[in-house]
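Only one structure is covered here, and it is reproduced in the block below.
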Amino acid sequence: LILIGAAAVFCFLYPHKIVTAKNILKSHYFVYKGDKEYRKQNLYGAIKYYEAALRLYPGHANASYNLGNLYSVYEDYQKALAAYNQSLKYRPKYINARIAKGILLAQRFYEFAPAIKEYQQAIDDMPHSIFIPFLFNNAEYIRINSGVAYYNMGLAYKYLSLLYGENEEGSKANLEKSVEAYKKALTYIKDNEDYYFNLALDYQLLQTIDIRNKNENNKKNYKLSKEAYCKCISL
């Protein structure tokens, strides 16, 4: 009786909180339905459920992240970017959303410097490794996301180097940063042919710059490029 009375008083004094709680519960139900449609590859149906969920509760970070991925599939990149930003607004250390935003900025908006900042932020926000036998282990999550963030950072630095045109100093500086990013990516995700191919290409581009400037480093970069291409082919 005491609990029922307390609940009645709470409902009377704070009716807006009851409405908010109801909306949050309904929102989670829509996200559940959206996830089911997503798994069935009914992308349009998933979008409608996620949009309905976010109208009720804008703070559902997973819903806005999934919505960003779906908007990207439909090539609605402005909406995708807005969805990723909404996800990060409510969950700033959401690594997947941060990396996805960086990829979108680099590959669809050609904003390479802002994309690099997103990748670096994702790396900085990476959680500490936690291992609880039979219950929890985030090592694989950290490994994959770190590798993906560094790899895409390498790509962004490579594209950024091309924007320098005849400014070889700026081009070379960004290519060297690209090389370092790929090497770090390979410490997390080993034996990936795409990583080795892009690393080889960087060394080859650096060799070209060194040859033009009669720099003896061209021999070293040629050797490193050849080794990376061979590794890529063997994989």
Side-chain angles (χ1 to χ4, degrees), residues 7 10-128 130 136-138 140-153 155-156:
F10 182 84
C11 292
F12 178 76
L13 293 176
Y14 305 104
H16 63 285
K17 289 187 180 293
I18 300 300
V19 172
T20 301
K22 182 181 177 182
N23 285 345
I24 291 172
L25 286 171
K26 196 172 181 181
S27 170
H28 278 76
Y29 172 72
F30 282 143
V31 171
Y32 163 75
K33 296 285 285 184
D35 290 344
K36 282 185 72 174
E37 296 304 313
Y38 203 161
R39 285 192 292 271
K40 291 191 295 186
Q41 294 297 301
N42 178 12
L43 304 187
Y44 182 76
I47 285 174
K48 291 305 171 187
Y49 277 120
Y50 290 140
E51 287 177 338
L54 290 167
R55 280 194 294 271
L56 289 168
Y57 178 50
H60 201 301
N62 285 349
S64 46
Y65 166 66
N66 285 344
L67 198 53
N69 293 339
L70 291 166
Y71 284 144
S72 293
V73 170
Y74 284 104
E75 299 183 4
D76 194 341
Y77 301 124
Q78 290 290 350
K79 278 190 175 181
L81 184 60
Y84 292 139
N85 282 332
Q86 182 172 344
S87 181
L88 291 165
K89 175 184 175 181
Y90 291 98
R91 189 174 159 191
K93 293 189 178 183
Y94 195 170
I95 305 299
N96 300 69
R98 184 74 64 186
I99 293 172
K101 180 185 174 183
I103 292 170
L104 189 67
L105 287 171
Q107 296 185 4
R108 302 305 175 188
F109 293 96
Y110 310 111
E111 296 181 9
F112 304 117
I116 289 167
K117 287 182 180 179
E118 296 296 333
Y119 301 137
Q120 187 59 60
Q121 189 64 56
I123 292 161
D124 293 343
D125 289 340
M126 208 64 68
H128 295 293
I130 300 173
F136 184 79
N137 184 3
N138 65 351
E140 190 69 0
Y141 171 84
I142 294 170
R143 184 184 71 82
I144 290 173
N145 281 292
S146 296
V148 169
Y150 275 120
Y151 170 67
N152 283 285
M153 183 185 289
L155 287 177

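Scope of the values below: all heavy atoms of this structure, side chains included, with no hydrogens, waters or symmetry mates. Being a predicted model, the structure only gives us computed values, none of them experimental.
Between the CD1 atom of Ile95 and the CG atom of Asn145 there is a distance of 7.0 Å, given to the nearest 0.5 Å. Here Tyr65 contributes atom OH and Arg91 contributes atom CZ; the two are 10.0 Å apart, rounded to the nearest 0.5 Å. Distance CZ/Phe30 to CZ/Arg55: 8.5 Å, rounded to 0.5 Å. Taking CD of Glu111 as the start and CG of Leu104 as the end, the distance is 9.5 Å to the nearest 0.5 Å. The OH atom of Tyr94 sits 11.0 Å away from the CD1 atom of Ile99 when rounded to the nearest 0.5 Å. Distance CD/Glu118 to CG/Leu88: 7.0 Å, rounded to 0.5 Å.
Scanning all heavy atoms of the two residues, the minimum distance from Ala80 to Ser72 falls at CB-OG, 3.4 Å. Ser27 and Ala53 make their closest contact through OG-O, 3.0 Å (heavy atoms, listed as atom of the first residue, atom of the second, distance). Nearest heavy-atom pair, Asp125 versus Pro92, reported as atom, atom and distance to 0.1 Å: OD2-O, 3.9 Å. The two residues Pro58 and Tyr90 have their closest heavy-atom pair at O-CE1, 3.3 Å. Across every non-hydrogen atom of Lys101 and Leu81, the tightest pair is CG-CD1, 3.8 Å. Across all their heavy atoms, Ala46 and Glu37 have their closest contact at N-CB, 3.7 Å.
A 4.5 Å side-chain heavy-atom check between Arg39 and Lys36 finds at least one atom pair inside the cut-off. Counting heavy atoms from C-beta outward, Gln120 and Ile123 have side chains that approach closer than 4.5 Å. Here the side chains of Pro127 and Tyr141 are in contact, with some heavy-atom distance below 4.5 Å.
A tilted orientation is assigned to the rings of Tyr32 and Tyr29, their planes being inclined by 30° to 60°.
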Leu67 vs Gln86, side chain to side chain contact (heavy atoms under 4.5 Å, CB included): CA-CA, chis, key distance, verdict:
CA-CA 10 Å; Leu67 198 53; Gln86 182 172 344; over 6 Å; no
CA sep, side-chain torsions, deciding dist, call: Tyr57, Val31, side chain to side chain contact (heavy atoms under 4.5 Å, CB included):
CA-CA 10 Å; Tyr57 178 50; Val31 171; over 6 Å; no
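Within the structure, the ring-ring contact (aromatic ring centres under 6.0 Å, His included) test picks out the following pairs touching residues 96-121 (sequence neighbours left out): Phe112-Tyr159. For residues 43-53, the pairs satisfying side-chain hydrogen bond (donor to acceptor under 3.5 Å, both in side chains) are Asp35-Tyr50, Tyr50-Asn66, Glu51-Tyr71, with sequence neighbours left out.
Side chains of Asn69 and Tyr84: a donor-acceptor N/O pair is present below 3.5 angstrom, by distance only.
Remark: the backbone N or O of His128 is paired with a side-chain donor or acceptor of Asn138 at under 3.5 angstrom.
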